[in-house]
Amino acid sequence: MSLATATASTASARLSTASLKDNSAHERTAPPGSADIFAPAAPIEFTLITSRNAFDALEDEWNALFARAATSAQVFQTFNWNWHWANHYLSGAPGGINLCVLAGHRDGKLVMVWPLVRERVRGIAQIFWMGEPVSQYGDVLIDDIPDTLPALKDAWNYLRKHAHADVMRLRRVREDARVAPLLRVIGASASNPQTAPYLDLASAENFAAYEQRYTSKARRNRRRFMRRLEEQGNVRFARIHGGGEARTMAERAIDMKTAWLASRGLFSQALADKRLRGFFADVAESASHPTGCVVSRLTSNDDIAALDVSFACKGRLAVHMIVFNLAYEKAGVGGLLMEHCISDAFDEDIATFDLLAPGDAYKLEWADSTIGTNDWSQALSLKGSAYVEIYLNRLRGQIKSTLASVPKSLRKRLNSLLP
């Protein structure tokens with residue numbers, strides 16, 4: 001997909017953050033003789049970014065805000081990640097996916113970015129995270145300001161007035177996300193609770209010390225798998241940072257994931273979308289706007305046995321895909337590659353090895369702990385209320401449960417009918 005051209009002008013409406021019912025977060029009394037350090041915070045001026053040109057113009061400010069204020073868990077809120085997403089997923093056409101990024105400036109400095117897009121689906125205008133379906137966590141970028149929650153409330157009020165949407169739906173919001181307190185305050189509906197397992201690599205000096213937390217049985221099993229694989233021929237690990245080889249391996253990883261799903265009678269609409277393939281190929285190659293992508297590969301006699309596609313950010317490695325060749329399904333190659341990636345992470349100053357949601361059993365075997373995530377939704381109109389209550393909160397979960405209970409053989413037949 002080519003770059004979308006600017007199709008809508010930047011909204012000119014501005015909203016002051018001064019109009020809060022509770023001004024205590026803005027106004028404090030300075031002690032006698034002190035400087036005016038407790039003066040009311042300047043208002044935040046909000047702008048709705050709706051054109052590609054306006055989004056691109058925000059690059060330097062966005063990067064500066066991320067560098068000084070973002071957490072490592074906001075790896076999917078970098079400008080570069082969303083730039084690549086826009087290249088592949090942004091429509092710009094009426095009714096398609098269009099930008100709805102909320103930018104907030106205070107005293108001329110960007111202090112908040114709420115990365116959203118807008119799309120009309122089945123007559124319902126929805127705003128949701130920019131980055132879907134490739135982003136795994138969603139959040140608001142906001143500076144370290146004393147009035148964080150009041151500022152987020154004002155941002156929400158601005159969206160309600162200017163986004164012209166029926167519903168806001170925000171997937172995979174971590175419990176510790178900057179936006180999470182706001183979603184609870186405004187009474188948004190939480191659904192689809194999941195856990196995101198992670199490894200705390202900062203708790204050990206090196207991999208040799210870290211791996212002692214695993215049972216001796218688990219370590220013996222991996223050594224046994226490795227010996228058996230080596231008996232079949234040459235075994236090699238590679239860690240690829242950018243370039244054509246990384247691009248090819250990212251595409252191969254998608255093929256392996258698709259094949260694995262098909263072998264179990266499963267289907268992913270997102271994986272079947274050619275835009276996802278193009279997105280991962282570009283971020284892996286890193287020819288422009290690097291995202292911290294690292295592709296790891298395990299080969300046996302030059303045959304690709306397993307692949308990993310991860311993203312490094314501020315001491316966190318987010319493992320987006322770890323897949324294996326079905327020909328090696330019984331050889332434990334996924335675990336061998338995982339072990340090698342964890343060992344390499346120590347050499348790359350990675351403190352958190354993030355396996356992302358959902359909390360699958362194999363992830364929990366590796367992880368030290370988990371953090372919860374939720375999907376959140378909030379109606380913005382009467383029509384949106386019906387959509388949230390009837391579909392998002394009730395029918396969607398029932399449909400997923402029904403599909404999960406369908407026998408594997410029947411799922412395969414149903415999937416064969418899908419385009």
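The structure presented is a predicted model; accordingly, all values stated were derived computationally and were not measured. Residue indices begin at 1 and follow the sequence shown.
- Between the side chains of Tyr328 and Asp303, at least one donor-acceptor pair of N or O atoms lies under 3.5 Å.
- Atom CZ of Arg213 is surrounded by more than 12 heavy atoms from other residues, nucleotides or ligands within 6.0 Å.
- Between Val333 and Asn325, every side-chain heavy-atom pair lies at or beyond the 4.5 Å cut-off.
- At most 12 heavy atoms of other shown residues, nucleotides or ligands fall within 6.0 angstrom of atom CG in Asp144.
- Under the 6.0 Å cut-off for aromatic ring centres, Tyr214 and Trp366 qualify, their centroids lying closer than that.
- In this structure, Cys293 and Val295 have side chains that are in contact, with non-hydrogen atoms separated by less than 4.5 Å.
- Between Trp81 and Phe311, the distance separating the two ring centers is shorter than 6.0 angstrom.
- Looking at Asn206, its side chain does come within 3.5 Å of a backbone N or O of Ala208 through a donor-acceptor pair.
- In summary, the aromatic rings of Phe46 and Trp156 are positioned with their centroids too far apart to meet the 6.0 Å limit.
- By the 4.5 Å heavy-atom criterion applied to side chains, Leu199 and Thr352 are not counted as neighbours.
- No donor-acceptor contact under 3.5 angstrom links the side chains of Arg172 and Thr373, judged on distance only.
- A donor-acceptor contact under 3.5 angstrom links the side chains of Arg52 and Asn87, judged on distance only.
- Residues Phe79 and Asp60 have side chains not in contact (no heavy-atom distance under 4.5 Å, counting atoms from C-beta outward).
- Inspection of the Tyr89 and Asp273 side chains reveals no N or O donor paired with an N or O acceptor under 3.5 Å.
- Between Leu356 and Val319 the shortest side-chain heavy-atom distance does not fall below 4.5 Å.
- Within a 6.0 Å radius of CZ in Arg222, other residues, nucleotides and ligands contribute more than 12 heavy atoms.
- Under the 30°/60° scheme for interplanar angles, the aromatic rings of Trp114 and Trp129 are found to be tilted.
- For the residue pair Ser51 / Asn53, no side-chain donor-acceptor distance below 3.5 Å is found, with atom types taken as modelled.
- Under the 30°/60° scheme for interplanar angles, the aromatic rings of Phe55 and Trp62 are found to stand perpendicular.
- Figure legend: cation-pi geometry between Lys314 and Phe66, with NZ or CZ positioned under 6.0 Å from the six-membered ring centre and within 45° of its axis.
- With hydrogens and angles disregarded, no donor-acceptor distance shorter than 3.5 Å links the side chain of His241 to the backbone of Gly292.
- Side-chain N/O atoms of Asp139 and Gln77 include no donor and acceptor closer than 3.5 Å.
- Heavy-atom contacts from other residues, nucleotides or ligands closer than 6.0 Å to CG of Asp347 number more than 12.
- Taking the side chain as every heavy atom from C-beta outward, Gln212 and Arg219 approach each other to under 4.5 Å.
- With hydrogens and angles disregarded, no donor-acceptor distance shorter than 3.5 Å links the side chain of Arg247 to the backbone of Ala284.
- Residues Glu132 and Arg169 form a side-chain contact, since some pair of their non-hydrogen atoms from C-beta on lies under 4.5 Å apart.
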| Passes side-chain contact (heavy atoms from CB on, under 4.5 Å), His340 versus Asp344? Steps please. | CA-CA 6 Å; His340 201 275; Asp344 284 344; 3.2 Å; yes
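- Residues Glu119 and Gln126 form no side-chain contact, since every pair of their non-hydrogen atoms from C-beta on lies 4.5 Å or further apart.
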